[in-house]
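Working notes for the structure below.
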Amino acid sequence: PVKNYPIQSYGAELVSIALAKIFREFVLEDRFNGRACVTNFVHDSVWLDCHEDIAQDACDLISGLMSSLRDVLQKEFPGAPCNVNFGVSA
């Protein structure tokens, strides 16, 4: 039997939540005036293409959004406590 599937499945849900937040900032809010975009994501990694002048700001934004997943989960699903800190590296 596949024993890691529930963890991978939940991880995929978390990344989907993060990608929705990233999409809102990058596209709907046009945070970087079209100078940054997400080019790919796999499992828990998000790849970004951006102008070098805003690279650090874009990485900081994505890192902040991804590391705030615990707060998002606690707000959206108050009956399901999440005691995990989500580490992010950029």
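Scope of the values below: all heavy atoms of this structure, side chains included, with no hydrogens, waters or symmetry mates.
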Legend entry - Partner residues of Asp60 under the side chain to side chain contact (heavy atoms under 4.5 Å, CB included) criterion, sequence neighbours left out: Gln56

How many angstroms lie between [atom1] in [X] and [atom2] in [Y], if you round to the nearest 0.5 Å?
X: Ile54; Y: Cys59; atom1: CD1; atom2: SG; result: 9.5 Å
X: Leu48; Y: Ile62; atom1: CG; atom2: CD1; result: 4.5 Å
X: Leu65; Y: Ile22; atom1: CG; atom2: CD1; result: 6.0 Å

Inset, instruction - Taking all heavy atoms of Cys50 and all of Ala58, pick out the closest pair and write down the distance. - result: SG-CB, 4.4 Å

Tabulate below the donor-acceptor pairs under 3.5 Å that side-chain atoms of residues 13-21 make, not counting sequence neighbours, or state none.
| from | atom 1 | to | atom 2 | distance (Å) |
| --- | --- | --- | --- | --- |
| Ser16 | OG | Ala12 | O | 3.0 |

Inset, instruction - Identify, with sequence neighbours excluded, every residue that meets side-chain hydrogen bond (donor to acceptor under 3.5 Å, both in side chains) alongside Arg70. - result: Asn85

Legend entry - Any side-chain heavy-atom pair of Leu61 and Phe26 under 4.5 Å: yes

Legend entry - Residue pairs involving residues 46-58 (criterion salt bridge (charged side-chain N to carboxylate O under 4.0 Å, His left out); sequence neighbours excluded): Arg35-Asp53

Legend entry - More than 12 heavy atoms from other groups under 6.0 Å of CZ on Phe32: yes

Legend entry - Derivation of the side-chain contact (heavy atoms from CB on, under 4.5 Å) call for Val38 and Trp47: CA-CA 6 Å; Val38 174; Trp47 280 285; over 6 Å; no

Identify every side-chain donor-acceptor pair in residues 71-83 under 3.5 Å, counting partners at least two apart or on other chains, and give the distances.
| from | atom 1 | to | atom 2 | distance (Å) |
| --- | --- | --- | --- | --- |
| Gln74 | NE2 | Cys82 | O | 3.1 |

Legend entry - Asp30: partners by salt bridge (Lys or Arg N to Asp or Glu O under 4.0 Å), with sequence neighbours left out: none

